[in-house]
Student: 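What follows is a structure written as structure tokens; I'll ask about it next.
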Amino acid sequence: MGKQTAHAAIEESIAVRVSVNSIIVNVVLSVAKFVAGIIAGSGAMISDAVHSASDVFSTVVVMIGVKMAGKQSDVRHQYGHERLECVASLILAIALAATGIGIGYSGIIKIIDADYQALEAPGLLALFAAVVSIIVKEAMYWYTKAAAKQINSGALMADAWHHRSDAMSSVGSFIGILGARLGYPVLDPAAGAVICIFIVKAAVSIFRDAICKMTDVACDEKTVRQIYRIAIEQKGVIAVDDVKTRMFGNKKYVDLEISQDGKKTLEEAHGIAEAVHDRIESEIEGVKHCMVHVNPYSCREGQKIENDGIQDGTAGASGDRAGS
């Protein structure tokens, strides 16, 4: 348990550090784009600045979600709080979708209703600010995405896509500002409408991932095979009767049934099961808890899970117990 606590503390530290850096970058960038928009007379850049400022909210949600997910188990939450990070991911996915839809709707309305002849071309400062924003926000996307993969954080990954959506928004601003200066102001709202599709697609992906982690979806086949091999290689294990896995937030839970010689003492059987338990929790990344149940071995046909069944994915994926 001490090792798991230390690992959780490291994950939380990484998430908080990345989130604090995101907040600092977003605040500085928002102020810079807002000032550039005012000076250059660019409504697109001012809107982009407001979009960047809204990302501060999403990052705060990530920090709260990761902090709460890292809390230790208590009397009312005996399996931990990991799913609270999924709640943060859902909130961010909805906010991301709303942002994308808002950008698309605004673009469509401008295309339909705008009087392009009355629009003034924005200054070069707005164009420069858009380029800087694209570079900075794309860099923040890759920086945050790498950290999210490192600690398997759905909330942090959602925040990474917020950075990407802001970069896309800045691309739209750049195209619109450049188009306006070249005499084609319609490019501004048209770019926004196209960008909307990519942002909403990312939001749907984040939303589905969070829902899967909240509804006990099984681990991937590679993990199931690894669990099987660890168990069957353990001295004293005759067969693997059943393998069940589930995701609890970003953590993995394993329920395993193994067969041993029925003539072994309780102490011997417990020692073998404990060895399997310890290896699975230490060797497979992300496993928070492994429960091992011991059955007395029986030679009845079909009781044990054959190795070929695990390798071709027919065992463990459905969670049905072999034999009857």
Student: Just how far is it from atom NZ of Lys252 to atom CD of Glu285, taken to the nearest 0.5 Å?
Tutor: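 One finds 6.5 Å between NZ of Lys252 and CD of Glu285.
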Student: Would you mind checking if Arg229 and Glu233 are paired as a salt bridge, meaning a charged N to carboxylate O distance below 4.0 Å?
Tutor: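 No, Glu233 and Arg229 are not salt-bridged.
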Student: Output the distance between atom OG (Ser282) and atom NE2 (His277), rounded to the nearest 0.5 Å.
Tutor: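 Ser282 OG to His277 NE2: 9.5 Å, rounded to 0.5 Å.
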Student: Would you kindly confirm whether Val240 and Met291 end up in one hydrophobic cluster when ILVMFWY residues are joined by side chain heavy atoms under 4.5 Å apart?
Tutor: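 No, separate clusters.
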Student: Under the 3.5 angstrom rule, does the side chain of Gln234 hit a backbone N or O of Ile272 as a donor-acceptor pair?
Tutor: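 Here the side-chain-to-backbone pair does not exist.
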Student: Is there a continuous path of hydrophobic side-chain contacts, each under 4.5 Å between heavy atoms, that joins Leu178 to Leu124?
Tutor: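 Yes.
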Student: What's the shortest heavy-atom distance between Ala167 and Ile134, and which atoms?
Tutor: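 Shortest heavy-atom contact: O-CG1, 4.0 Å.
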Student: For Leu125 and Ala40, work out which heavy atoms get closest and say how close.
Tutor: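 Heavy atoms only, the tightest pair is CB-CB, 4.2 Å.
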Student: For residues 19-30, which residue pairs qualify under salt bridge (Lys or Arg N to Asp or Glu O under 4.0 Å), counting only residues two or more places apart or in two chains?
Tutor: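 Found none.
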Student: Can you label the angle between the His289 ring and the Tyr253 ring as parallel, tilted or perpendicular, going by 30° and 60°?
Tutor: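 Taking Tyr253 first and then His289, their aromatic rings sit tilted (interplane angle of 30° to 60°).
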Student: For the hydrophobic clusters of this structure (ILVMFWY residues joined by side-chain heavy atoms under 4.5 Å, transitively), does one cluster hold both Val294 and Ile230?
Tutor: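 In one cluster with Val294: Ile230, yes.
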Student: How close do Val237 and Ile258 get, counting heavy atoms only, and between which atoms?
Tutor: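 Closest heavy-atom pair between Val237 and Ile258: CG2-CD1, 3.9 Å.
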Student: Can you tell me how far CD of Gln226 sits from NZ of Lys222, rounded to the nearest 0.5 angstrom?
Tutor: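 One finds 7.5 Å between NZ of Lys222 and CD of Gln226.
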Student: For the residue pair Leu156 and Ser19, what are the closest heavy atoms and their distance?
Tutor: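 It is CD1-OG, 4.0 Å.
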Student: Group every Ile, Leu, Val, Met, Phe, Trp and Tyr by side-chain heavy-atom contacts under 4.5 Å, then state whether Trp161 and Val200 land in the same group.
Tutor: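 Not linked; separate clusters.
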Student: Any sub-3.5 Å donor-acceptor pair from Thr144's side-chain atoms to Tyr141's backbone N or O?
Tutor: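 Checked: no pair found.
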Student: Is any side-chain heavy atom of Glu138 less than 4.5 Å from a side-chain heavy atom of Arg164?
Tutor: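 Side-chain contact under 4.5 Å: yes.
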Student: Any side-chain heavy atom of Ile211 within less than 4.5 Å of one from Leu90?
Tutor: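 When only atoms from C-beta onward are counted, Leu90 and Ile211 do touch, with a gap below 4.5 Å.
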Student: For Pro296 and Gly262, work out which heavy atoms get closest and say how close.
Tutor: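 Reported closest heavy-atom pair: CB-CA, 4.1 Å.
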Student: Is Thr245 reaching over with its side chain to a backbone N or O of Cys219, donor-acceptor style, under 3.5 angstrom?
Tutor: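 Answer holds: yes.
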Student: Taking all non-hydrogen atoms of both residues into account, name the closest pair between Ile238 and Gln260 and its distance.
Tutor: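 Heavy-atom minimum between the residues: CD1-C, 3.8 Å.
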Student: Just how far is it from atom OG1 of Thr223 to atom CD of Glu221, taken to the nearest 0.5 Å?
Tutor: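 Result: 10.0 Å between the selected atoms.
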Student: Under 4.5 Å between any side-chain heavy atoms of Ile284 and Arg279, yes or no?
Tutor: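 No - every pair of side-chain heavy atoms lies 4.5 Å or more apart.
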Student: Does Leu266 sit in a hydrophobic cluster with other residues, and if so which ones, taking ILVMFWY side chains as linked at heavy-atom separations under 4.5 Å, directly or through other members?
Tutor: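 Same cluster as Leu266: nobody, lone residue.
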Student: Treat each ILVMFWY residue as a node, draw an edge where side-chain heavy atoms are under 4.5 Å apart, and state whether Phe207 and Val204 are in one component.
Tutor: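 Looking at the clustering, Val204 is in a separate group from Phe207.
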Student: Would you say the side chain of Val132 lies within less than 4.5 Å of the side chain of Phe128, judging by non-hydrogen atoms?
Tutor: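 Yes, side chains in contact.
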Student: Has Lys33 got a side-chain atom pairing as donor or acceptor with Ala129's backbone, closer than 3.5 angstrom?
Tutor: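 Judged by distance alone, no pair lies under 3.5 Å.
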Student: Under a 4.5 Å cut-off applied to non-hydrogen side-chain atoms, are His163 and Asn26 in contact?
Tutor: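 Touching, per the 4.5 Å side-chain cut-off.
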Student: How many angstroms lie between CD1 in Ile227 and CD in Glu283, if you round to the nearest 0.5 Å?
Tutor: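 Reported value, rounded in 0.5 Å steps: 11.5 Å.
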